[in-house]
Amino acid sequence: MANVVVPLDQPSNYKDSQSRVDRMRQQDLLAKSSTLYIGNLSFFTTEEQIYELFSKCASPEEGGGIKRIIMGLDRHTRTPCGFCFVEYYTHAEALACLRYISGTKLDERIIRCDLDLGYRDGRQFGRGKSGGQVRDEHRTDYDAGRGGWGAQAQRLEIERRREVEARYVDAGDGTGAIPGGGGDWKDAGDNPLKRARSPDDDGEGEQSREVRTKLDDDAQRM
């Protein structure tokens with residue numbers, strides 16, 4: 001009869017591309033490993049939170065416990081980038097984490113645990129081109145817990161904004177640009193379409209008033 005329940009304490013089929021061991025040798029090493037790789041962590045999860053959770057599977061009364069925690073860091077900024085290594089003293093403690101902690105939530109994120117061949121110096125840094133993890137290079141969704149958009153999506157957005165800004169600059173220098181200002185006509189004073197008053201107009205006005213005054217005087221005498 002086939003197994004109905006998948007064992008929870010089995011490592012994944014992940015093969016570290018930088019390790020120089022074949023698949024058979026890898027399985028032998030994992031069968032004795034007491035190191036765990038923890039993935040899908042929030043960038044804001046602290047080492048203290050990780051210790052508190054993973055110490056629940058520790059067995060200090062049997063000579064076990066957490067040996068050390070190595071936080072994964074961005075290669076350039078030296079800030080957490082969503083993974084870590086947890087080293088126990090015994091292999092049984094690592095298997096207990098696969099059973100009881102992998103797939104649970106930490107900082108509202110479902111974390112993944114997997115047996116690891118063992119930590120060596122340099123593995124604490126992300127392998128992505130931008131300094132973080134490779135998975136964050138290709139991520140196209142927005143994840144606030146892992147720094148927002150993926151690295152490629154951020155680069156595409158920056159390029160798009162630069163293209164838009166460049167088009168606005170070109171339009172401002174071209175013949176189809178919308179002229180600025182618009183208030184210069186207010187400084188012109190009188191309406192330029194209105195004819196200015198000449199000195200002759202003033203003379204004609206005075207003569208007309210004299211004629212009207214004389215006619216009025218003659219009308220009163222009659």
Under 4.5 Å between side-chain heavy atoms, hopping through other hydrophobics if needed: is there a path connecting Ile101 to Ile69?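 Result: yes, single cluster for both.
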Does Asp136 form a salt bridge (charged side-chain N to carboxylate O under 4.0 Å, His left out) with Arg139? I'd like the steps, not just the answer. CA-CA 5 Å; Asp136 290 317; Arg139 185 165 46 81; 3.1 Å; yes
Is Arg123 reaching over with its side chain to a backbone N or O of Gly118, donor-acceptor style, under 3.5 angstrom?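 Flag set: sc Arg123 to bb Gly118 pair under 3.5 Å.
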Report, one line per pair, each donor and acceptor closer than 3.5 Å where one atom sits in a side chain of residues 107-115; sequence neighbours left out.
unit_1	atom_1	unit_2	atom_2	d
Asp107	OD1	Gln49	NE2	3.0
Asp107	OD2	Thr45	OG1	2.8
Arg109	NE	Asn40	O	3.1
Arg109	NH1	Asp143	OD1	2.9
Arg109	NH1	Asp143	OD2	3.2
Arg109	NH2	Asn40	OD1	3.0
Arg109	NH2	Asp143	OD2	2.9
Asp114	OD1	Ser12	N	3.0
Asp114	OD2	Ser12	OG	2.4

Take a 6.0 Å sphere around [atom1] of [X] and say whether it holds more than 12 heavy atoms from other residues, nucleotides or ligands.
| X | atom1 | result |
| --- | --- | --- |
| Arg162 | CZ | no |
| Glu47 | CD | yes |
| Arg23 | CZ | yes |

Not counting sequence neighbours, which residues clear side chain to side chain donor-acceptor pair (under 3.5 Å) with Arg78? List them please.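 In terms of side chain to side chain donor-acceptor pair (under 3.5 Å), with neighbours along the sequence ignored, Arg78 is linked to no residue.
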Which pair of non-hydrogen atoms, one from [X] and one from [Y], has the smallest distance, and what is that distance?
| X | Y | value |
| --- | --- | --- |
| Ala94 | Ser33 | CB-O, 4.1 Å |
| Thr90 | Gly64 | CG2-CA, 4.3 Å |
| Gln133 | Arg146 | OE1-NH2, 2.6 Å |

Does either side chain, that of Glu93 or that of Ser34, offer a donor lying less than 3.5 Å from an acceptor on the other one?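 Short answer, no.
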CZ on Phe125 to CG on Asp74, rounded to 0.5 Å: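 Reported to 0.5 Å precision, the distance equals 9.5 Å.
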Over 60° means perpendicular and under 30° means parallel, so classify the ring planes of Phe83 and Tyr37, tilted if in between.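 Geometry flag for Phe83 against Tyr37: parallel rings.
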